[in-house]
Amino acid sequence: MSTLNVGGRDIALDKDGYLIDLQDWSRPIAEALAAAEELQLSDDHWEILDLLRAFYAEFQLSPANRPLIKYAALKLGTDKGNSLHLNRLFKGTPAKLAAKLAGLPKPTNCL
Amino acid sequence: MATLHILSHSPFTDSRLASCLRLLGAGDALLLTGDAVYALQPGTTNLQALQLMPASVALYALDEDLAARALQAPERAQVVDYPEFVELCTRYAKVNSWL
Amino acid sequence: MSKSLLIISRQAPWSGPGAREALDIALAGGAFDLPIGMLFLDDGVFQLSAGQQPGQLQQKNLGANLQALPMFGVEELYASQRSLSERGLGDSELNLAVQRLDDSELTALLERYDQVITL
């Protein structure tokens, strides 16, 4: 367990750096989580983070890589919904890293 | 691809046996363990249902579970011990434990 | 070629961990691209009732999670028509697109898979 200080507020994280309270999430917090991963969020990143939040709203769980790719292909087309694009954006572990930045629980079906 | 179905719950409180009987294939087999051996209790509709299974469906019951519950296996059922239990599991293409 | 697996889910949604465990096996297998089918049998068909409010029991939304099965590549979804009819769901709208099978079709379904697990 650790904390992330954003705008003078301490946000609780679990041992893997995921938000403890999903309600804490905001766009500045996503920026700060990304900075901790040495990542600068671009529009392409935000598109996927918004997509993940929509996935979570619909299914109430975090996707593993395969369903993430499938959902992205369905909603954004195959030029976005492919492993190359997602791996490039999220350092090779899109399901884990993007879920973290989008304020979702750690995907359970993901090694 | 014949299946060995393993039951371990009492058929008097639970629908596993009834459901299993409905989806048995002709070459499948049934192994009664634990409280599922109560299905062999004489004079019950559960035993009747087992007697009505086609002859092609093999019926097994685990020896020590029968003995512990003071049950005798009817002729229709073959009594097996644990080594035979293991052997049965390897003999059938699939094992379906009704957990 | 991976062995195909049929998961038979026969527990009601809120009676214990059985329904959740069956779904978790399906999602995990699907995430690894295993050929998986799922059959809702006996009280398991109650998982398919539309309009459930598990929040009232402080439970996670199994119904919403079930919707994710096709996203995880689990698209072979079946329910026993007899189990549905016995429970008054014979003609109901369900919360998941399943094929309804009669008893003889269930026997053929089990035959088709390499492995079967019943929870």
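This is a predicted model, so every value here is computed, not measured. Within every chain, numbering begins at 1; the chains are lettered A, B, ... in the order of the sequence lines, protein sequences first and strands thereafter.
Under the 3.5 Å distance criterion, the side-chain polar atoms of C:K60 are left unmatched by any main-chain donor or acceptor of A:L61.
Smallest separation of non-hydrogen atoms from A:S62 and C:F72: O-CZ, 4.4 Å. When all heavy atoms are compared, the tightest approach of C:A64 to A:Q60 is CB-CG, 3.5 Å. Closest of all the heavy-atom pairs between C:M71 and A:F55 is CG-CE1, 4.1 Å.
Taking C:D33 as the reference, nothing meets the side-chain hydrogen bond (donor to acceptor under 3.5 Å, both in side chains) condition, with sequence neighbours excluded.
Looking at A:L68, there are no atoms closer than 4.5 Å to chain C (heavy atoms on both sides), in backbone or side chain.
Around the CG atom of A:L84, the shell of radius 6.0 Å holds no more than 12 heavy atoms that belong to other residues, nucleotides or ligands. Residue C:D91 qualifies as open at atom CG: its count of foreign heavy atoms under 6.0 Å is 12 or below.
A ring pair (Phe, Tyr, Trp, His ring centres under 6.0 Å) check over residues 74-103 of chain A, counting only residues at least two apart or in different chains, returns the pairs A:H45-A:F90.
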